[in-house]
Amino acid sequence: MERYQVTDGKGFRLADHDPGATSGIDGKVEGRAELAQLTARLSELHELLYADGRHGLLVVLQGMDTSGKGGAIRKAFEGLDPTGVHVATFKAPTEVELAHDFLWRVHSHAPAKGHIGLFDRSHYEDVLIVRVHGLVPKAQWRARYEHIRNFESLLTDEGTVVRKFFLNISKDEQKERLQARVDNPTKHWKFRLADLDERKLWDDYQDAYEEAIRRTATPEAPWTVVPADHKWHRDLVICRTIVDTLEGLDLRYPDTGEDLSGVVVE
Ligand code: AMP
Ligand code: MG
């Protein structure tokens, strides 16, 4: 799974990443079986994260429309205890949000120690859609890469582990998924005609993602470029990356300071 990690953005090229990759796993059945094991492991690690109490974990999910951000939250994280998870969804900013700096609405959703925060879109929209549509002057969005790096370093220094995922789907796969929404009346609520206008800007978005990853991938807050054309593979890569991250933290059950030897409950 390491091949999908970007810990140093220098020279990063999206073209080097195949959205259809499957990591040599035979297919959906094998992939889902592996995911079930990882989900069970994640569940244990989540409890340990809570018991340990020294770290929070922030998971940022970004990707084009239909790339599966919601699906990944449901599937890759299904083993989590809901009391220790906070999901934040970032839509177009409200008037009040727009009257503040771009990080203002984001920071308060960062997870507490012991918790996992899942961001469905994030502060990265402020260098993605904002750049593609020129919603603020270029000098302003350009300065944001550094603000984002500093924000993420602040979180890291204060005990929050940051992991960012780009759900990389191909343009053809998006076409299939958007068409499926159009063809199914129970999916119309997920579809807006404006989604087709965004699709026309596909190349601009790819450029914006590439630069965002180049400028913000660091060893402390790496990006994972997730091959996402196959949903089972997308979930597997995300779950595996999170399990590896938590296993790397040296989490332990705290010493309560109470001697329980010989204690018998009557
Ligand atoms: P969806 O995820 O399909 O519900 O759509 C949410 C929409 O909100 C997407 O088109 C995002 O690009 C947009 N959005 C999210 N954050 C921002 C932002 N900071 N500025 C402008 N648009 C945003
Ligand atoms: Mg949408």
Side-chain angles (χ1 to χ4, degrees), residues 14 58-77 86-110 117-152 164-171 173-213 215-216 223 226 228-229 231 234 238:
L14 207 43
L58 173 60
V59 177
V60 170
L61 298 169
Q62 282 289 162
M64 298 294 287
D65 264 333
T66 75
S67 61
K69 300 179 289 292
I73 290 173
R74 281 188 299 277
K75 280 284 185 185
F77 297 98
H86 175 64
V87 180
T89 305
F90 294 95
K91 306 278 185 190
T94 63
E95 211 174 310
V96 175
E97 287 167 349
L98 276 177
H100 293 79
D101 69 84
F102 77 104
L103 291 172
W104 179 79
R105 68 171 181 161
V106 176
H107 202 163
S108 64
H109 291 287
L118 302 177
F119 281 8
D120 176 347
R121 302 188 190 270
S122 67
H123 44 295
Y124 282 95
E125 292 295 326
D126 294 282
V127 291
L128 294 166
I129 188 171
V130 167
R131 163 183 167 147
V132 169
H133 287 275
L135 301 179
V136 304
K138 187 170 180 183
Q140 191 177 348
W141 62 254
R142 288 213 75 84
R144 289 177 175 175
Y145 297 116
E146 190 178 353
H147 294 311
I148 289 174
R149 286 196 302 272
N150 290 336
F151 172 57
E152 292 176 357
K164 306 172 294 200
F165 295 87
F166 171 51
L167 278 47
N168 187 23
I169 54 164
S170 63
K171 198 174 177 187
E173 181 64 20
Q174 192 198 45
K175 178 181 156 83
E176 301 286 315
R177 293 185 188 180
L178 284 175
Q179 190 66 52
R181 287 181 182 180
V182 170
D183 294 345
N184 180 349
T186 71
K187 302 287 180 191
H188 285 180
W189 63 275
K190 285 197 194 186
F191 182 84
R192 289 162 313 145
L193 281 169
D195 293 344
L196 301 180
D197 298 328
E198 294 302 287
R199 178 171 163 77
K200 291 191 188 116
L201 299 168
W202 183 272
D203 292 342
D204 294 342
Y205 273 104
Q206 297 295 108
D207 290 347
Y209 270 107
E210 186 170 77
E211 186 162 11
I213 293 170
R215 295 192 180 276
T216 64
W223 277 97
V226 181
D229 274 2
K231 295 174 181 174
R234 168 199 76 202
I238 295 171

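We count ligands from 1, going down the list as the structure has it; atoms in each ligand are counted the same way.
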By number and element, which atoms of ligand 1 are closer than 4.0 Å to a non-hydrogen atom of [X]?
X: Ala92; answer: 8 (O), 13 (C), 14 (N), 15 (C), 22 (N), 23 (C)
X: Phe90; answer: 15 (C), 16 (N)
X: Val130; answer: 20 (N)
X: Asp126; answer: 19 (N)
X: Glu125; answer: 11 (C), 12 (O), 15 (C), 16 (N), 17 (C), 18 (C), 19 (N)
X: Asp65; answer: 3 (O)

* Please write down residue, atom name and distance for the protein heavy atom closest to atom 1 (P) of ligand 1. =>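 Looking only at protein heavy atoms, the one closest to atom 1 (P) of ligand 1 is Lys91 NZ, 3.7 Å.
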
* To do: Could you find the nearest protein heavy atom to atom 20 (N) of ligand 1 and give me its residue, atom name and distance?
  =>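 That would be Pro93 CD, 3.3 Å.
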
Side-chain contact, heavy-atom cut-off 4.5 Å: [X] with [Y]?
X: Ile238; Y: Leu167; answer: yes
X: Glu198; Y: Ile129; answer: yes
X: Asp195; Y: Lys190; answer: no

* **Lys171 atom NZ: more than 12 heavy-atom contacts under 6.0 Å** =>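 Yes, because the 6.0 Å sphere around NZ of Lys171 holds more than 12 heavy atoms from other groups.
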
* More than 12 non-hydrogen atoms from neighbouring residues, nucleotides or ligands closer than 6.0 Å to NZ on Lys69, yes or no? ->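 More than 12 within 6.0 Å, yes.
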
* To do: Please name the residue in the list Val87, Ile73, Thr89, Val226 that meets the side-chain contact (heavy atoms from CB on, under 4.5 Å) test with Leu61.
  =>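 Running side-chain contact (heavy atoms from CB on, under 4.5 Å) over Val87, Ile73, Thr89, Val226 with Leu61 returns exactly one hit, Ile73.
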
* From Arg105, Glu97, Arg121 - option closest to atom 16 (N) of ligand 1 by heavy atom ->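 Minimum heavy-atom distance to atom 16 (N) of ligand 1 goes to Arg105.
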
* Any idea which of Thr89, Ile129, Val136 brings a heavy atom closest to atom 22 (N) of ligand 1? ->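 Among Thr89, Ile129, Val136, the closest heavy atom to atom 22 (N) of ligand 1 belongs to Ile129.
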
* Asked: Salt bridge or not for Asp120 and Arg74, using N-O below 4.0 Å?
  ->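 Between Arg74 and Asp120 there is no salt bridge, as every charged N stays at least 4.0 Å from the carboxylate O atoms.
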
* Asked: If you measure from the Lys or Arg side-chain nitrogens to the Asp or Glu carboxylate oxygens, is any gap between Lys91 and Glu97 under 4.0 Å?
  ->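 Looking at Lys91 and Glu97, the cut-off is not met.
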
* Asked: Is there a heavy atom of Gln62 sitting under 4.0 angstrom from any atom of ligand 1?
  ->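 No; Gln62 lies far enough from ligand 1 that no heavy-atom distance drops under 4.0 Å.
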
* Which N, O or S atom of Asp65 lies nearest to the Mg ion (ligand 2), by name ->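 This turns out to be OD1.
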
